[in-house]
Amino acid sequence: QVQMVESGGGMVQAGGSLRLSCAATGRTFSTYAMGWFRQAPGKEREFAAVISGSGSSTYYAASVKGRFTISRDNAKNTLYLQMSSLKPEDTAVYYCAAKVGAGWSTNVRSYDYWGQGTQVTVSS
């Protein structure tokens with residue numbers, strides 16, 4: 001069982017930056033691919049970024065590529081999402097998620113554990 005808690009959300013003006021963190025419990029954090037997803041009001045949860053267990057591989061949704069950076073510190077059991085050049089359309093609840101087993105995925109259904117989410121609001 002893995003428990004995760006996100007933090008770092010808030011309100012920021014367009015063009016600003018935020019850094020999200022996701023602190024996880026357990027001794028197997030480094031074996032999980034980790035993803036960031038987001039859900040805007042009235043919309044389905046969507047993929048934003050994913051990182052492999054070792055941190056050597058990353059992949060981004062086209063909508064955030066070049067603006068967001070996913071990283072992890074396995075010694076601290078923590079996942080990060082550095083968000084820059086934020087836009088109003090980035091407004092959403094952001095969730096971190098852990099995928100058990102080999103490989104990584106952009107599919108919401110492939111992830112086994114989820115945090116409770118943190119709100120990010122970008123004003124124009």
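Just so you know, these numbers use all the heavy atoms, side chains as well, and skip hydrogens, waters and symmetry mates. Residue indices begin at 1 and follow the sequence shown.
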Heavy-atom donor-acceptor pair, Gln39 side chain to Glu44 backbone, under 3.5 Å: no

Phe37 ring center near Trp114 ring center (under 6.0 Å): yes

Distance (rounded to the nearest 0.5 Å) between Gln82 CD and Ser71 OG: 8.0 Å

Side chain Asp112, main chain Val100, donor-acceptor under 3.5 Å: yes

Backbone of Glu89 reached by a side-chain donor or acceptor of Thr91 within 3.5 Å: no

Shortest non-hydrogen separation from Leu81 to Ala49 and the atoms involved: CD1-CB, 4.3 Å

Worked verdict on Val50 versus Met34 for side-chain contact (heavy atoms from CB on, under 4.5 Å): CA-CA 6 Å; Val50 62; Met34 297 293 297; over 6 Å; no

Residue pair Asp90, Arg38: steps toward the side-chain contact (heavy atoms from CB on, under 4.5 Å) verdict: CA-CA 9 Å; Asp90 294 318; Arg38 64 187 185 180; 2.9 Å; yes

Polar side-chain atom of Lys99 near backbone of Ala102 as donor-acceptor pair, under 3.5 Å: yes

Tyr94 ring center within less than 6.0 Å of Trp36 ring center: no

Cation-pi geometry met for Arg72 and Tyr80 (6.0 Å, 45°): no

Stepwise side-chain contact (heavy atoms from CB on, under 4.5 Å) check, Leu18 with Leu86: CA-CA 8 Å; Leu18 281 175; Leu86 283 161; 4.3 Å; yes

Closest non-hydrogen atom pair between Ser52 and Ser56, with its separation: OG-N, 3.3 Å

Under 3.5 Å: donor-acceptor pair, side chain of Glu6, backbone of Ser21: no

Side-chain (Ser17) to main-chain (Ser84) donor-acceptor, under 3.5 angstrom: no

Arg67 CZ to Lys87 NZ distance, which is reported to the nearest 0.5 Å: 4.5 Å

Within 6.0 angstrom of Gln3 CD, more than 12 heavy atoms from elsewhere: no

Within 45° cone of Tyr95 ring axis and under 6.0 Å: Arg45 NZ or CZ: yes

Donor-acceptor under 3.5 Å (Thr121 side chain, Met11 main chain): no

OH/Tyr59: more than 12 non-hydrogen atoms of other groups inside 6.0 Å: no

Where Ser124 and Ala14 come nearest, the two heavy atoms and their spacing: CA-CB, 4.3 Å

Shared hydrophobic cluster, Met4 / Tyr111 (ILVMFWY, side-chain heavy atoms < 4.5 Å): no

Which atom of Asn74 lies closest to which atom of Ser30, heavy atoms considered: ND2-CB, 3.4 Å

Sidechain-backbone polar pair: Tyr60 side chain, Ile70 backbone, donor-acceptor under 3.5 Å: yes

Atom pair OG (Ser105) and CZ (Phe47), whose distance is rounded to the nearest 0.5 Å: 8.5 Å

N/O donor-acceptor pair under 3.5 Å between Thr78 side chain and Ala23 backbone: no

Donor-acceptor pair, side chain of Asp73 and main chain of Leu79, under 3.5 angstrom: no

Distance (rounded to the nearest 0.5 Å) between Ser85 OG and Phe68 CZ: 9.5 Å

